[in-house]
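Below you'll find the structure, written out as structure tokens, and then a few comments.
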Amino acid sequence: MFIFLLATFGNGDPTDSSSKFYTWLMENKEAASLKHIKFAIFRLGCRQYEFFNSVSINVNKHLENSGATRVSELVCGDDDGSYNLHLDFQNGQTRA
């Protein structure tokens, strides 16, 4: 089981710490090889940005299209000032 905590940087790009993984995943030509993977994603971002959570949306879509199984709903952490990332995470866990 993989749990991804993913943020989007700048114009919809992955952060420095996730860029190698993101590039590898998006360029993976052996889609069927991911069918054994179970995953959950906690999306980190700020809805004030144009590309809010685009990295996590792309990763989710690619994993599902590659046969991986999402075991929890997508949980969104929104840090625009009126939200609380810690509570977003806790609330997402109670819904899972």
Would you find a donor on one side and an acceptor on the other, under 3.5 Å apart, between the side chain of Asn60 and the backbone of Ser56? no

Taking C-beta and beyond as the side chain, do Ile37 and Thr69 meet within less than 4.5 Å on heavy atoms? no

Where the side chain of Thr8 meets the backbone of Val55, is there a donor-acceptor pair that is under 3.5 Å apart? yes

Under 3.5 Å, is there a donor on one side chain and an acceptor on the other for Tyr22 and Asp13? no

Ignoring hydrogens and geometry, is there a side-chain-to-backbone donor-acceptor pair from Ser18 to Pro14 under 3.5 Å? no

Taking the side chain as every heavy atom from C-beta outward, state whether Phe9 and Asp16 have any atom pair closer than 4.5 Å. no

For residues Phe39 and Ile3, determine if any side-chain heavy atom of one lies less than 4.5 Å from a side-chain heavy atom of the other. no

Would you give the length of the straight line joining atom CD1 of Ile41 to atom CG of Leu5, rounded to the nearest 0.5 angstrom? 10.0 Å

Counting C-beta onward and ignoring hydrogens, is there a side-chain heavy-atom pair between Arg43 and Ile57 closer than 4.5 Å? yes

Residues Asn53 and Leu44: closest non-hydrogen pair is OD1-O, 3.1 Å

Can you find a pair of side-chain heavy atoms, one from Met1 and one from Val71, that are under 4.5 Å apart? yes

Any chance you could measure His62, atom NE2, to Glu27, atom CD, to the nearest 0.5 Å? 10.0 Å

Atom CZ of residue position Phe51 - does it have more than 12 heavy atoms of other residues, nucleotides or ligands inside 6.0 Å? yes

